[in-house]
Novice: 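This is the structure I have questions about; it appears just below.
Just so you know, ligand 1 is whichever comes first in the structure, and atom 1 is the first atom listed for that ligand. Note that these values count all heavy atoms, side chains included, but never hydrogens, waters or copies made by symmetry.
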Amino acid sequence: MSDDMNGPYSEKVMDHFMEPRNMGDIKDADAVGTVGNPACGDVMRLYIKVEDDKIKEAKFKTFGCGAAIATSSMATEMIKDKSLTEASNVTNEAVAEALDGLPPNKMHCSVLAQEAIEAAIKNYKEKK
Ligand code: FES
């Protein structure tokens with residue numbers, strides 16, 4: 001057994017897993033996106049506040065694996081202060097890259113983050 005606690009994970013993944021940024025919900029959110037991964041059953045919910053087509057605040061709740069929590073955390077950091085169009089262009093690869101990579105068998109976890117962003121933006125547009 002390796003004594004490396006990080007295993008295949010980068011320092012950044014561990015950091016965002018241990019101390020997730022923007023975890024929680026936004027009571028008066030302008031939109032919410034909820035997505036699930038049918039393969040593992042993990043669920044991610046993303047709350048956003050929007051002002052002048054810009055994401056002012058983003059928070060998440062994720063019931064899922066460590067990689068899903070780390071990517072949720074990083075995704076909220078990446079979409080904050082971005083326009084809705086810019087945010088919708090944030091790919092799961094970009095989120096994984098910002099975390100200095102994910103092991104190949106954990107890339108699917110980052111897809112949840114991208115889908116949650118898409119779902120929240122869709123929800124916002126539907127509401128308007
Ligand atoms: Fe389900 Fe990571 S194993 S999102």
Novice: What side-chain hydrogen bond (donor to acceptor under 3.5 Å, both in side chains) pairs are there with at least one residue in residues 29-39, not counting sequence neighbours?
Specialist: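 Every pair satisfying side-chain hydrogen bond (donor to acceptor under 3.5 Å, both in side chains) with a residue in residues 29-39: Thr34-Arg45.
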Novice: Using a cut-off of 6.0 Å, state whether more than 12 heavy atoms not belonging to Lys122 lie near its atom NZ.
Specialist: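 No, not enclosed.
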Novice: So which protein N/O/S atoms does atom 2 (Fe) of ligand 1 have within less than 2.8 Å?
Specialist: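 Near atom 2 (Fe) of ligand 1, the protein supplies Cys65 SG, Cys109 SG.
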Novice: Can you list every pair that meets side-chain hydrogen bond (donor to acceptor under 3.5 Å, both in side chains) and has a residue in residues 94-111, with sequence neighbours left out?
Specialist: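 Qualifying pairs, neighbours excluded: Asn92-Ser110.
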Novice: For Glu126, does the CD atom sit with more than 12 other heavy atoms under 6.0 Å from it, leaving out its own atoms?
Specialist: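 Correct, the count exceeds 12.
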Novice: Check for a donor-acceptor pair, side chain of Lys128 on one end and backbone N or O of Tyr124 on the other, with a separation under 3.5 Å.
Specialist: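 A pair under 3.5 Å: no.
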Novice: Output side-chain donor-acceptor pairs under 3.5 Å for residues 60-73, partner residues at least two apart or in another chain, one line each.
Specialist:
from	atom 1	to	atom 2	distance (Å)
Lys61	NZ	Asp25	OD2	3.2
Thr62	OG1	Ser72	OG	2.7
Thr71	OG1	Ala67	O	2.8
Thr71	OG1	Ala68	O	3.1
Ser72	OG	Ala68	O	2.6
Ser73	OG	His16	ND1	2.6
Ser73	OG	Arg21	N	2.9

